[in-house]
Amino acid sequence: MTRPVQASPEQLETLGYPSGLAPDWKSRLVQELDKAVRGNRALGLFLDACTHCGACADKCPFFLGTGDFGNMPVARQDLMRRIYRRHFTLAGQLAPKLVGAADMDEGLLDQWFSYFHQCSQCRRCAVFCPQGIDTAEVTMAARAIMARIGLGQAYTAQVLSNVHRTGNGLGMGRAALIDTLACLEEDMAEQWGAPIRLPVDQMGAEVLLVTSSADLYGEPHVASLMGYAKVFHAAGISWTLSSAGSEAGNFGLFLGDDGHMRTLAGRIVQAARDLGVKQVVFGECGHAWRVAQSLLPELGIRPRHMLELTLEVLERGALRLDPDANAGVTATFHDSCNMARGGSLGNTPDGVFAIPRRLLAASVPKLVEMPAGATRGQTFCCGGGGGLLTDELMDIRKAGARPRLEALAQATQEHAITHMVAICAICKSQFGSVLPKGVVVAGVHELLGNALVL
Amino acid sequence: MVAAALLILAAGLVWRVFRWLRRPDPSRIVLTPAPATRFGVALRVAAEILVFRSLYRADRPCWGLSMLLHGGLGLILIWHLGHFLFQAILPLALVQTGGAAVLAGALGLGLRRVAAARMRAVSVPSDYLHLLLLAALAGAGLGGLGHGGLAALLFALFPFSKLLHGPAAFMAGTRGRRGP
């Protein structure tokens, strides 16, 4: 059975979780499930409301990619529903076999650990469920419950403790961050012949840019960072990064842990206050934007997305874009799930689809679409989201990516697509590993940066 | 007996809905793109309740059978309410059409459940039994047989079963909230 590498006792303790399963883990799990249901109206609703209609089944990229019935969203939910019914419903207590209720055992826990890490929390199932059941919520709750009884995923645990310790998921300290940015400044000077800066910890700047730490070093992610810098430069906007708040990504979301999620978000709020900025702007990171929109307002910050800022600057005539700088590029836009199904851009509900495409269309010679049903609200996950972006899960990542790649292949039959564009750091990394030859992944600000004439 | 069962139904529904409402709602789970206005949200939810919009997109055959089943239930409900509450003389054809629709819908959904391997994989005994109960109820009604017992069973079961998917569909935060 596919499973992620388990977090070590030390990793779990650092995050405030038990270091391993206690002898009475089964009853602890039931207690944690009870707490989770009592503390989250949606969870109880979703566990109660499923009619087993199966409409969700062939919508999940991981079911489509593996053919494993366990990956049908309804089946994934049932891993939790079995225990829920057994302990918290009349029928489950009186006649468990009738309603598929069961007691927790080692085998079922194994299935939990496996199948709740074969879900990227992309929410495509929720689009098609007649009751609006969001399997991602169940996955998040399941991972939180497992962590609270001492069973966690190493990757997520490591990233989380890195952010707690250094302010970013890479574990990059301030000195290393400044060095990295200095190198990128040299690259930009060479590439564009202009002294474009990447400021850090600049007091009184107008904008604090918070982006995925992958934008600091990953390929092609850095190209988007350079694109943001070029836009700020061209528009004459003073901005800064923060070394203490250098991570937009928030793995507390994937783990379903509100505490960690708030602490991480709090770092960004603190950084904004400490630096005295007027706006907090988020870069190209999918789940970061979902957390930003849902959590930051109640913490006193109204976040903006870099795409919204760039669009505004473009519309007031401060940016000159020449698509010929991207000659030979035929691009298609991949709607990332946390953006498409968990966020909004601009003032209209479809801005999250329209704005990236608008900016792209102004930056490249040719922009085409993948088939309907595979984009926009029904977009297929890249296969690597929700904490699945590790080497040991490569097989499941490839499986999850298949529907997206098939849609791309269909579109490529009609147009010679050279670039798949995404505004999510995880998507960019995942596509780097699974795209076929001849297509590369790029960020919107990468291509826009190329086209921007100074 | 039916009266007692109806009491259980009413009290049970109130209890279940109240229990859901009483719980905190920290999750920000609205499914985007989502309407920006309350009216838009109401339309979105209404589309689900009245014409099963998402099911239409998801699985056309299931949608057809489900509309048949629920439409039939609707007709039956109207006729029985009219008959028992308002002593109205509504045409028998109304409730008979409803009964036939429920019978056809329930049998069709049952067949769908056994026919596909993936459906069998997620179905538990109570899934089949629910459909059997509905089909038996409709069949008994159509056949002019006494069906108070079966009706009482349905009402009493309701608050403790997946039949709660009805009220739940109104309450799910994925569709019932405005967008960010």
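Letters A, B, ... are given to chains in the order of the sequence lines, protein chains preceding strands, and every chain is numbered from 1.
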Is [X] in contact with chain A via its backbone, its side chain, both, or neither, using a 4.5 Å heavy-atom distance?
X: B/R53; answer: neither
X: B/M171; answer: both
X: B/L109; answer: neither
X: B/R22; answer: neither
X: B/A117; answer: both
X: B/R175; answer: side chain

Roughly how far, to the nearest 0.5 Å, is the CG atom of A/D34 from the CD atom of A/Q31? 8.0 Å

To the nearest 0.5 angstrom, please state how far the CG atom of A/D257 sits from the CD1 atom of A/I145. 12.0 Å

Whether over 12 other heavy atoms sit under 6.0 Å from A/F69 CZ: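 Yes, the 6.0 Å shell around CZ holds more than 12 heavy atoms from other groups.
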
A/W112 vs A/F116 aromatic rings, parallel, tilted or perpendicular, using cut-offs 30° and 60°? perpendicular

Would you check, one step at a time, whether the test side chain to side chain donor-acceptor pair (under 3.5 Å) holds for A/R76 with A/N71? CA-CA 6 Å; A/R76 205 184 311 283; A/N71 274 326; 2.9 Å; yes

Interchain contact, [X] with chain B, by part (heavy-atom threshold 4.5 Å):
X: A/M140; answer: neither
X: A/R376; answer: neither
X: A/T51; answer: both
X: A/A55; answer: both
X: A/Q77; answer: neither

B/F52 and B/H70 aromatic centres sub-6.0 Å: yes

Do you know which of B/L157, B/V124, B/T32 has the most heavy-atom pairs under 4.5 Å to chain A?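 Ranked by contacts with chain A, first place is B/T32.
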
Scored by heavy-atom pairs under 4.5 Å with chain B, the best of A/L90, A/L43, A/V99 is A/V99

Tell me whether the NZ or CZ atom of B/R60 lies within the 45° cone about the ring axis of B/Y56 and under 6.0 Å from its centre.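 Geometry flag: set, cation within 6.0 Å and 45°.
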
Is it possible for you to check whether B/R57 lies under 6.0 Å from the centre of the six-membered ring of A/F128, through NZ or CZ, and within 45° of that ring's axis? no

